[in-house]
Amino acid sequence: MNPTFMIAIPLLTAFLLFVLPKRRWLNTLFITLVALFTSVYSIAGLFNIEKSMSFGMGGWPTPFGINLVVDNLSAFFVMVTQLSFLLTIFALFGWYRAERYSGALMMTFLAAVNGMILTGDLFNLFVFMEIASVSLFALLNLRESSGSLKATFNYMVLNALASSVYLIGIALVYRATGTLNMADLSQKWGVISEASATTVFLMLLTPLLLKAEIFPLNLWAPRIYGRSSAGITTLLAGMVAPAGFYAMIRLFSLLSSSGTTQNSLLILAVLTMVIGEVVALTRKSLREMLGFSSVAGMGVLLMAALSNAMEGALFHLFNLALAKVVMFLSVELLTAGGRDDLESLKGTYKRNPAMAFVFASGAFSVAGLPLFAGFRSKLIILSDMMKAEHYIITAVFIFASIVEFFYYTRAVQHIFSSNEEIAGGRQCSHPLSTLVLLAAAIFIIFTGIYPESVMALAEKAQMALTDVGAYVASVLGGM
Amino acid sequence: MKILESAAVIITGIVFGLFLLGVQRKLVARVQRRYGPPIWQQFIDVAKLFSKSSISHGFVFDMGVMMALGGTIATLLFVPIGKLQVLSMSGDFIVVVYLMAVASLGMAMSAVNSGNPNASIGVMRALTQMFGYELPYLMVMMGMMFAYRTSSILGMAQVQQGGILNWNLFRVPIGAIVVFISMFGISGKKPFDTPIAPAEIASGPMVEYSGKFLGSLTLMHALVIFVDISIFVNVFLGGASNYWFFLLKVLAVFSLMVLISSVIPRFRVEQVVTFSWKWPLFFAVIQSVILVAMGVR
Amino acid sequence: MNLYTFTSLLLIAIGVYGLLSQRHLFKMLVSLSVLELGVNILLVSIGYSKDGVAPILTPPEQIINPVDPLPQALVLTAIVIGVGTTALMSAIIVKIYKRTGTLDLSSNRGEDE
Amino acid sequence: MCPFGTISSFSFSLLIISPLIYLLARFDRRWASAFLALASGLGLYKLATMYGEWGLPSQSFEIIPNVTISFTNSPIQWYFAFIGLGIMLTIFLFEISWLSKSRTPSAHIFFEAVILASLPGFFMAGDLMTLYIFFELMSWAAFFIVSQASEKSEKAARTFIAMNTTGAMALLYVLFLLYTRFSTLNIEELRTLLPSAGAGFNLIIFALFVFSGLIKAGSFPLHTWLRKTHGNAPDSFSAVLSGYLIKYGSFVVAVTTVIFPSLLLFSNAPHFMGLPLPNYILAVLGGVSIIVGTLMAIKQQDAKMLIAYSSVSHAGYIVMALAMVSSYSVAGGLLHVLVHALAAAGMFLSMAAVKYRTGTTNMSELGGLVDRMPVTFATYLISIISTAGIPPMVGFVSKWLIYQSTITGGFIFLSFAAFFGSIGSFLYVFRPLATVFFGQRPKRLENVREVPFIMQLPMIIISALTVIFGVLPSIALKPIAEAERYYGIKPVSFSFSEIRGALGSWNSVLVFFVFMLGFIMAAVIFYLARKSVRVGLLENYTAGEIPREIINSPELYHYAHNFYRPVERLYEHHPSLEDFYETALGENLKKFGVFLKTLFYNHRLDWYLYVSILTILFLWWLL
């Protein structure tokens with residue numbers, strides 16, 4: 001697949017939307033088609049990637065110009081983000097018509113996230129990160145009803161701060177090595193002395209940790225999750241966080257870092273997980289609970305990635321993203337945008353049984369119940385972590401899983417409570433959204449029973465990640 | 001042959017049990033400086049009860065009484081009485097103890113089904129009290145069974161042969177005392193007569209019985225006392241090879257019990273439990289620790 | 001350490017201090033801009049070499065002491081992005097003011113905690 | 001065709017068609033229930049044909065390398081599965097009619113189908129991962145069934161799932177410990193591999209297994225979920241919970257002590273009275289469980305909660321017996337599994353029948369039902385005789401075998417606990433008998449009828465089995481002896497009618513017939529005497545002394561509330577583990593969460609700085 005399309009087509013669409021007639025249904029249809037196309041294109045491309053490929057932009061030879069890299073890893077992540085995006089678009093179809101601005105913003109956002117994943121250049125990564133953030137902020141504030149503006153403001157300030165740190169990091173890297181190309185940098189990384197390497201590395205990591213919602217840089221996240229509508233939260237949980245995670249593990253594999261750095265990040269990941277789960281236990285609002293749970297999920301992923309369970313982490317990322325997106329959307333449709341505290345959710349399955357089922361399958365997948373996708377990935381993570389002799393961290397992970405299982409079953413129990421009479425009749429959501437979400441839920445169960453297909457992808461992605469030589473060769477090979 | 005022996009055992013149990021009850025009335029009377037009824041008074045009473053009309057409160061009321069009497073008769077057959085050893089070859093102590101529980105259950109069921117709250121309270125008290133006295137009893141027996149590697153009553157009687165000093169009474173003195181105290185509870189003697197307590201709850205479980213019901217329960221009571229003391233005699237007093245000698249031992253133990261109980265007041269119901277769990281249980285555990293640690297000398 | 005680097009670090013420090021000490025939203029925005037300015041100067045200062053010549057429209061053989069052009073390109077992009085962010089944030093501040101009637105970050109008015 | 005394919009396919013096909021069962025139940029709940037009864041009957045038949053064909057290889061598929069979903073057939077597993085399926089069969093029969101009282105019958109049946117499907121999968125697991133997966137499935141399905149009954153039961157179900165998940169996760173952890181060490185989770189292979197590992201490793205494995213087993217079995221100190229869950233579950237499901245689900249825990253304990261040769265593993269550990277210390281400690285926990293369960297059961301006001309605590313006590317017996325790993329104790333423990341399955345199912349079903357007709361199980365609101373519900377009464381009576389361990393019923397046999405072991409081993413505390421539970425059980429089982437079935441009948445219960453025949457049938461089956469196994473325990477002892485032989489324990493010795501213990505032997509048929517003989521003699525004496533006059537319950541000794549208006553209100557005349565007040569008073573200020581777990585663990589965790597939450601809800605930017613600095617300092621200190 002040609003990565004240029006993945007960025008260019010959405011961007012083009014964003015501009016085209018202003019040229020097209022001002023019809024909401026037309027806009028919606030247009031962006032839906034584009035999302036569908038990019039998704040199909042990326043997924044189809046995923047299955048015929050033999051080795052990693054680099055595409056130089058603008059006719060520059062690779063270490064000097066910007067390049068995009070497609071290998072199994074980046075393609076895997078593009079697939080995840082594309083699926084999240086597609087699900088969001090479809091699920092909100094009929095309930096939330098895209099107007100011109102939001103459609104354009106969403107398309108820009110999609111292009112930026114794809115760019116974040118596909119790029120092979122540090123500065124280009126920064127640019128895409130900023131575009132993604134700006135379009136996300138704009139989306140967050142587009143609708144008057146959406147949550148706390150102050151939370152958004154805080155998020156923006158933090159984001160700007162973290163980006164500045166990243167820029168300083170870039171300055172330092174460039175001064176020391178004279179390159180910003182990731183592959184080239186990985187060759188020249190040894191030039192930097194160890195102490196400065198750690199500093200620079202952490203500086204580069206800062207905005208990625210912020211995007212990937214790792215403690216203490218995730219303090220902004222729960223409020224955004226709790227206060228925003230489903231569209232935004234799914235974009236956050238299903239796209240921004242995975243993209244940040246991708247950039248992080250890419251840097252980890254390309255740039256060697258000290259054991260202390262890895263260990264402290266591991267501890268941060270564990271802290272993220274534990275804090276997220278324990279706080280989620282106390283939240284009464286379902287969206288906030290899901291928000292904290294997403295944060296905790298990112299902690300789990302980073303923890304697994306740093307303790308030799310990369311394959312499981314990638315598989316789990318897929319499951320988490322899918323389940324989270326599905327849950328956020330089904331909560332939105334279940335409550336019809338209304339109150340979402342546990343008490344008021346009692347017995348809502350009578351109102352919208354399909355969405356209740358979808359929520360339950362997402363919840364059980366994240367909680368790691370057998371027969372659901374999340375169980376298989378957790379199993380692999382556990383097994384690999386144990387093999388790497390991380391006994392204590394595994395125990396903490398297990399503890400977090402208990403807490404997680406508890407609050408998810410509690411939420412599902414409330415939704416399926418038969419002890420409450422619910423006012424009003426059935427309020428089914430749009431048939432298309434129902435159908436798509438049901439398909440996603442069934443896919444979750446299917447993956448739980450036959451995980452081989454997704455696991456094979458995760459395995460290939462993991463191979464691509466560890467094979468730094470091939471990555472570097474594909475980028476610099478043309479020299 | 002077995003059938004004849006069984007009949008002999010049952011008749012012995014009934015006759016001697018009723019005789020013991022007569023002895024009890026006489027002894028208590030003498031202690032209280034009364035003249036007392038004749039020793040055969042109980043025979044007269046039972047015969048009279050069976051000939052009188054009676055009141056029933058339903059099917060379970062009848063069946064419970066039959067269960068009570070039947071269970072006791074069955075238990076009796078497992079206990080060796082001198083040389084009369086009908087089924088005592090398989091006379092496992094645990095089986096005997098639990099068979100007696102069938103009788104108690106039957107009686108409790110029947111009494112509660114009378115619908116009288118006094119009966120319920122009485123049964124509750126009986127069960128509570130049983131919770132108290134059975135534990136020390138069983139703990140001592142546990143030590144004995146461990147030490148002798150047998151749970152057969154006959155087996156325990158046989159190992160004590162050869163002189164009075166071989167009796168478990170002297171080899172296991174603390175245990176003997178504990179079991180002796182527990183026997184007051186089993187036979188419902190003062191201070192362990194809270195379930196009956198005529199002054200408080202109008203004879204408790206017995207309150208609704210009349211005629212043949214009361215007759216059957218009197219028989220049962222007589223048999224329970226006989227079985228109980230027979231076990232004690234077998235386990236602690238070396239049993240007996242002679243039928244009459246055995247009965248004599250039973251009579252002696254019973255008389256001692258009656259004499260003691262006739263001068264002791266009644267416990268309150270929770271006092272029974274606290275007392276039993278405090279001293280007898282303590283000594284029972286001590287005894288079984290000694291038995292487990294050192295065996296029998 | 002040359003003057004440019006020093007200046008940029010000073011600006012960054014001022015910006016960070018401003019962000020942490022100010023409660024007023026616009027003051028925070030200004031601090032952020034100062035911070036970004038500092039970072040941009042830092043970026044430019046990387047490519048700086050004393051008496052250097054910018055390699056624009058100069059034949060390659062005449063360049064003895066060239067200035068690295070890449071940081072300058074980067075800074076251009078960064079400035080554009082910074083402008084975009086600043087504009088968006090000002091819009092949000094205006095919106096906050098409209099809704100809550102205050103520009104104080106620490107006040108809880110209009111918040112549904 | 002390999003007969004094994006069928007037992008795994010039984011599991012899987014039932015799982016796959018469970019949504020169809022849901023639809024069938026939407027159509028007609030009776031057909032769904034009957035269908036499941038038929039399915040469990042089919043499973044029973046399949047199992048019966050598999051008796052003796054031990055250790056057959058099974059079809060399996062891998063989930064992670066060397067870890068498979070696979071099934072095997074060994075005598076202990078066969079035995080547990082057989083009991084489970086049998087209990088499920090009776091429950092489904094019962095529910096054909098009972099479901100009309102359920103508010104969500106279709107969901108109820110659906111989740112019970114999941115439970116039925118997980119049953120052979122769990123018990124016949126050839127691989128520990130299989131065990132875990134079905135363990136979780138079962139907890140999850142049970143969780144939803146329990147939630148359905150009432151508002152209260154939702155909270156109860158949450159307690160249930162919290163504790164069971166903790167147990168399951170402990171199991172998962174131990175699985176991976178084993179897996180990293182031996183790269184296999186096959187039970188048979190682990191059995192031979194474990195002795196090669198060190199004692200410390202084995203101790204951790206043992207402790208974690210026991211932890212998870214005790215939670216599942218509802219044994220001290222992790223029994224606290226039982227009261228609420230059993231007491232508030234839908235009535236017929238309480239029977240499943242107690243009759244069969246807590247046997248999952250017994251099975252895990254059996255795996256730990258018997259299937260993994262714990263005596264061999266700890267042969268170098270310190271011993272107490274010839275028993276390795278880990279085993280002894282487990283047995284002591286079982287003993288404490290007996291005592292705690294007994295004492296707590298005595299003071300319950302609700303019949304179902306009372307039976308729940310009796311389950312705690314019986315779980316204690318099973319744990320204690322299995323922990324001792326001697327010929328008699330293992331036989332006794334395994335037999336006790338059957339005993340308690342039958343007794344608990346019998347008791348809970350009869351209480352479900354009572355509630356079906358009267359709408360309550362609060363004992364002081366009931367009374368005098370013996371004339372109205374004779375079959376229910378008889379079932380309850382037989383079940384409690386078995387629970388209390390009185391001879392003609394099977395309960396006595398298992399207790400007798402357990403005593404053989406505690407006494408010959410010279411375990412004073414364990415014997416004490418066993419006796420305590422046995423005598424205490426007289427007290428608590430008698431209470432519902434006295435207060436529900438006997439005594440004065442309140443006016444509003446005048447028109448209560450016996451439950452329909454289809455509900456009586458399972459109760460009759462259970463009672464009949466209790467008696468049959470009581471008279472001929474050799475039937476049940478046959479597979480048990482087979483199991484002991486299979487796992488290298490000296491099999492218990494018995495013949496058709498006689499059981500031989502270490503201390504003596506007894507003849508179950510003889511005891512039964514002597515008892516019958518005694519009963520007949522008593523009946524002859526009784527019926528030879530003059531016929532008695534039948535009178536009503538209100539006409540009794542005190543009738544003349546109580547004003548008419550009070551007598552006309554039978555409730556006032558029924559002694560049921562605080563039945564064992566004198567005993568209860570002795571320990572009314574006892575510490576409560578239930579509270580401890582809820583406040584000390586649950587509430588404090590929540591408080592901690594609320595505290596952590598404040599981290600995330602602060603607008604001020606300098607706050608972020610503080611948090612970050614603190615985190616960095618923390619990391620610095622840690623590394």
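All chains are named by letter (A, B, ...) in the order of the sequence lines, taking the proteins before the strands, and each is independently numbered beginning at 1.
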Checking heavy atoms, do the side chain of D:Leu433, its backbone, both or neither come under 4.5 Å from chain B? side chain
Under 6.0 Å between ring centres: does that hold for D:Trp506 and B:Phe78? no
Results of side-chain hydrogen bond (donor to acceptor under 3.5 Å, both in side chains) for B:Tyr98 - residues two or more places apart only: D:Tyr403, D:Ser422
What heavy-atom pair brings D:Pro391 and B:Leu99 nearest, and what distance separates the two atoms? CG-N, 3.8 Å
Considering all heavy atoms of both residues, which atom of D:Tyr564 and which atom of B:Met124 are nearest to each other, and what is their separation? CD2-CG, 3.6 Å
Nearest 0.5 Å, what's the OH-CG distance between D:Tyr428 and B:Leu127? 13.0 Å
So which of D:Pro374, D:Gly389, D:Ala388 has the largest heavy-atom pair count under 4.5 angstrom toward chain B? D:Gly389
Compute the centroid of each ring, for B:Phe131 and then for D:Phe420, and state whether the two points are separated by less than 6.0 Å. yes
From D:Thr406 atom OG1 to B:Phe146 atom CZ, the distance as rounded to the nearest 0.5 Å: 11.0 Å
Do you know which of B:Val273, B:Val102, B:Ile10 has the most heavy-atom pairs with chain D at a distance under 4.5 angstrom? B:Val102
For chain B, which candidate among D:Val511, D:Val370, D:Leu517 shows the most heavy-atom pairs at distances under 4.5 Å? D:Val511
At their closest point, which heavy atom of B:Met139 faces which heavy atom of D:Phe416, and how far apart are they? SD-CA, 3.5 Å
